[in-house]
Amino acid sequence: MTKEEAIGKLEEIATLLDLRGENPFKSRAYRTAARALDSLSEDFESFVRAGKLDQVKGIGEGIRVKLEELVLTGRSAYLEGLKGSFPAGVVALLDIPGLGPKKAKILWEKLGIRDLAELEAACQSHRVGKLPGFGPKTEENILAGIEQRRSYAAYHRYGDLIGLAEQLVERLRAHPDVVRVSLGGSFRRGKEIVRDLDLVCSSSKPLSVMEAFISSAGVQRVVNHGQTKATVLLEGGLACDLRVVPDWDYPCALLHFTGSKEHNIALRQRAIAQGKKLSEWGLFREPRVRSSDGSKDSAAEEEASGEPIRCRDEAEIYEELGLAYIPPELRENLGEIEAAESNRIPRLVEWTDLRGTFHCHTTASDGHSTLEAMAEAAQALGLEYLGIADHSKSSFQANGLDEERVGRQQAEIRKLNGTFQGFRLFSGTECDILRDGRLDFSDPLLASFDYVVASVHAGFSSSEEEMTRRILRAMESPYVTMLGHPTGRLLLMRKPYPVDLEKIIDCAAETGTWIELNAQPMRLDLDWRWWHAARDKGVRCVINPDAHHARELAFLRIGVNIARKGWLRREDVVNTLSLNLVERALRTKRGGGG
DNA sequence: GCCGTTTTCGGCCCGACTGTTTTCAGTCG
C-alpha cells in the first residue's frame, strides 16, 4: 500500500465518521493523521513495517493499529464496517454545496435517500423542504448543485490529466509499429478544461497499433474501433480517441485533430484563397470543385483532391500557407493567423525561463512541507529564489500567522538564507484582503516582508461593485506587490466571484501591481483569455504554484502552459528575472529603486 | 482519536454566512 492510498483510506474513514454523526474531533483526528502522513518523507511502507509510526505526531495508538493493518493486509476491518453502514451513494451527497454530513444523514435516515438521483426526485416532489432544518431555498440550492455537477461531469481539468496523457503517449511511442505519436485536441492546445483526450499516431501497421491501444491497461470500455480510429473510455469515464494514419498523412492529421475548429476553418479559407485545399487528409493543389451534394465520403474526397503537397511536419504546412509556425497553445483563431502572416508570433515563455517563484505555503500555515523542504525542492528544480507566503491571521481555517509567528518565520528565513549559496528565500505573506479592502496586517508589518501577495479568501458573495472596490483598494497599497488568484475560481467546482477585471487590470498597470497566474491546477487564475490584453497594457505576470507541498512546485509547468496560451513572453513574466534583478523589481512599487 | 498534562480527562481553530427559525444549526473557508 502506498502512502497516498493510506491517506485516502484515512480520509474515507473521517468522512464516514462525520456521516455517522460521531464526535467531530474523532474524524478530525483521522484527517490530522492523514496530513501527518503526507508530510512524511521516508519510504512509507518500510517506515510502517519498522514500527516507526508511533514517532509521528498526530498518530496515536488507535490509528497506528489501523494503519499497520492496512499496510500488512491491504484492508481495514474498521473501514469496511463503516462502509457497510451506508449505501455507497450517500457519500456522494456531500459533493453538493450546502450539504454536509449532518444534512446528508438526515436525508438518508428520514427519507431513505441513497444517492443523487433519489435526492433529485425528493427535491422535485418537495419532500426535502418539509424536513426540519430544510426549506424551499435549500431544495432549490440542492437542485442547482445537482445540475451543476451534471454539467461538470463531462469535463476534466487539464492538470488532472497530465500524468495519464503522458503515459498514453509513452506507451504508444514504445510500440514497435508506431512511427510518430502526439496528443492532439484541446489538451495539446493547453485548455484548462478538456472533454476528452485525442491521440494521433502514424504507422504502416495500424491494426497492430489499434489492438495494443484498446487492450492496454486502464481501458475500461471500447466504445468503437476500426482500422484507423478507436474510441475508448478510460478509468473515471474519460473518453480517449486514437487516430492512426500513414506517416505522410501525419502532419495534416495532427494539425486537424489539434484544432481548434475555428483555427482550422481560418486555415482552410486561407488555403482556398491560395488555390489549395487543406483537410485532415492532406494539403492539395488545384482541388476539383466539390460535388454539388457536398458529400464527404473520405475516399471520394481524396480522389477529388488534386495534387498533394507533401509536408514533413506542421511547420511545413504553415510555411506552405505563407505563415510562421503557430504553437498549439495559440490556435484559437484569436489573432494568431494574422500574427503568423506578418511574422509576429511571439517567442512564448518556456518552463526553463523561470528562475524562481513566489506564493508558496509551509507547515507554518496550511502547507504540508517545512520551510527547509520547500527550499530544497526549489533548488532541486534549479530555481534561484523561492518566496514563502503563508496565510495571514484572518485565515483561521488555514492556520494563518499572527504578528508574533510572522516574526519567528522571518528570523528562520534569515537564518536559512545564511546557509545558501546562489539561492535565496524571500519572506512574504499571502495577506487577506478584508471585506472593506483593508489588509489583514498593519503597514509597518507589511513593510517587514520582502513582498506581499494580497488575496480574497472570504466574503465571496459581495456584489461586483463591492468586490472590485475592495480589490482596487488593496492594490493601491504600496506594500501589495501582487494580486493573488484574482477571481477565486475553482475549476469545475466554484465559479469566479464577480469582479470587474478590466478595472483590476487597469489598476495593476497604473500602480505597478503584478497579477498572479496561479498555477494550482484547480485555479489557473487569472484565466488565459485576459493575459494578452493585460500584457498590452503593461501588466506584469507572476507565475506562482500556490504550493502546499514541496512536490507542488511542479505546478509551475502548468502555469507556464497557461501563460503561453495567454501569449506571454519571457519578458512579461516577472519570475523569469534573475535573483539580482528580481530583488530590485520587488522594491519598485515601494519606491525603493529598481 | 490525539495530546498534554492539573497523569486521567478536558480541549481540540474561528468567524461569517445562509437559510432556517424566531434564536440558531449547519456549512464553508
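The basis for the numbers below is simple: all heavy atoms, side chains too, and nothing from hydrogens, waters or symmetry mates. Within every chain, numbering begins at 1; the chains are lettered A, B, ... in the order of the sequence lines, protein sequences first and strands thereafter. Everything numeric here is computed off the predicted structure, so don't read it as measured data.
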Student: Between B:dC12 and B:dT5, how far apart are the two C1' atoms, rounded to whole Å?
Tutor: 14 Å

Student: Enumerate, atom names and distances included, each donor-acceptor pair closer than 3.5 Å involving a side-chain atom of residues 49-59 of chain A, sequence neighbours excluded.
Tutor:
{"from": "A:Arg49", "atom 1": "NE", "to": "A:Glu45", "atom 2": "OE2", "distance (Å)": "3.2"}
{"from": "A:Arg49", "atom 1": "NH2", "to": "A:Glu45", "atom 2": "OE2", "distance (Å)": "2.9"}

Student: Can you list the residues that meet the salt bridge (charged side-chain N to carboxylate O under 4.0 Å, His left out) rule with A:Asp402, with sequence neighbours excluded?
Tutor: none

Student: In whole angstrom, give me the gap between the P atoms of B:dC13 and B:dG19.
Tutor: 28 Å

Student: What pairs with A:Asp436 under salt bridge (charged side-chain N to carboxylate O under 4.0 Å, His left out), at least two apart in sequence or on another chain?
Tutor: A:Arg438

Student: Could you measure between the two C1' atoms, the one in B:dG26 and the one in B:dT20, and give it in whole Å?
Tutor: 10 Å

Student: When we call it a touch if two heavy atoms are under 4.0 Å apart, what does A:Arg28 touch: a base, just sugar-phosphate, or nothing?
Tutor: base

Student: Considering residues at least two apart in sequence or located in another chain, which fulfil the salt bridge (charged side-chain N to carboxylate O under 4.0 Å, His left out) criterion with A:Glu68?
Tutor: A:Arg64

Student: Could you state the CG-C1' distance from A:Asn399 to B:dC14, rounded to the nearest angstrom?
Tutor: 11 Å

Student: Sequence neighbours left out, what passes side chain to side chain contact (heavy atoms under 4.5 Å, CB included) with A:Asp450? Give chain and number order.
Tutor: A:Arg424, A:Phe426, A:Ser427

Student: Taking only distance into account, with no hydrogens and no angle test, what donor-acceptor pairs under 3.5 Å do side-chain atoms of residues 143-150 of chain A form with protein atoms, sequence neighbours excluded?
Tutor:
{"from": "A:Glu147", "atom 1": "OE1", "to": "A:Arg150", "atom 2": "NH1", "distance (Å)": "3.4"}
{"from": "A:Gln148", "atom 1": "NE2", "to": "A:Tyr152", "atom 2": "OH", "distance (Å)": "3.4"}
{"from": "A:Arg149", "atom 1": "NH1", "to": "A:Asp95", "atom 2": "OD2", "distance (Å)": "2.9"}
{"from": "A:Arg150", "atom 1": "NH1", "to": "A:Glu120", "atom 2": "OE2", "distance (Å)": "3.3"}
{"from": "A:Arg150", "atom 1": "NH2", "to": "A:Glu120", "atom 2": "OE1", "distance (Å)": "2.8"}
{"from": "A:Arg150", "atom 1": "NH2", "to": "A:Glu120", "atom 2": "OE2", "distance (Å)": "3.4"}

Student: Could you encode protein contacts along nucleotides 19-29 of chain B as a string, one character per nucleotide from 5' to 3', using B for base contact, S for sugar-phosphate-only contact and - for no contact, with a heavy-atom cut-off of under 4.0 Å?
Tutor: SS-----SSSB

Student: If I pick the P atom on B:dG11 and the same atom on B:dA16, what distance separates them, to the nearest angstrom?
Tutor: 24 Å

Student: Tell me, please, which residues at least two apart from A:His549 pass side-chain hydrogen bond (donor to acceptor under 3.5 Å, both in side chains).
Tutor: A:Arg551

Student: Could you go step by step and tell me if A:Glu465 and A:Thr468 meet the side-chain hydrogen bond (donor to acceptor under 3.5 Å, both in side chains) rule?
Tutor: CA-CA 5 Å; A:Glu465 293 70 32; A:Thr468 307; over 6 Å; no

Student: Using a cut-off of 4.0 Å between protein heavy atoms and nucleotide atoms, how would you tag nucleotides 1-8 of chain B 5' to 3' with B, S and -?
Tutor: BSSS----

Student: Taking the same atom, P, in B:dT21 and in B:dT27, what whole-Å distance lies between them?
Tutor: 15 Å

Student: Across the strands shown, which category fits A:Ser461 at heavy-atom distances under 4.0 angstrom: base, sugar-phosphate, nothing?
Tutor: sugar-phosphate

Student: Could you please name the partner base of B:dG29, counting Watson-Crick and G-U wobble pairs only when both distances are under 3.5 Å?
Tutor: B:dC14

Student: Test of understanding: with salt bridge (charged side-chain N to carboxylate O under 4.0 Å, His left out), list the residues that count as partners of A:Arg435, not counting sequence neighbours.
Tutor: none

Student: Considering only atom C1', compute the distance from B:dG10 to B:dG15 and round it to an integer number of Å.
Tutor: 23 Å

Student: Got a sec? Which of residues 112-123 of chain A come in under 4.0 Å of DNA chain B, heavy atoms?
Tutor: none

Student: Can you list the residues that meet the side chain to side chain contact (heavy atoms under 4.5 Å, CB included) rule with A:Glu42, with sequence neighbours excluded?
Tutor: A:Leu40, A:Phe47

Student: Considering the options A:Trp528, A:Tyr158, A:Trp351, which one meets the side-chain hydrogen bond (donor to acceptor under 3.5 Å, both in side chains) requirement together with A:Asn561?
Tutor: A:Tyr158

Student: Determine the interatomic distance between C1' on B:dT22 and the same-named atom on B:dC28; round to the nearest Å.
Tutor: 24 Å

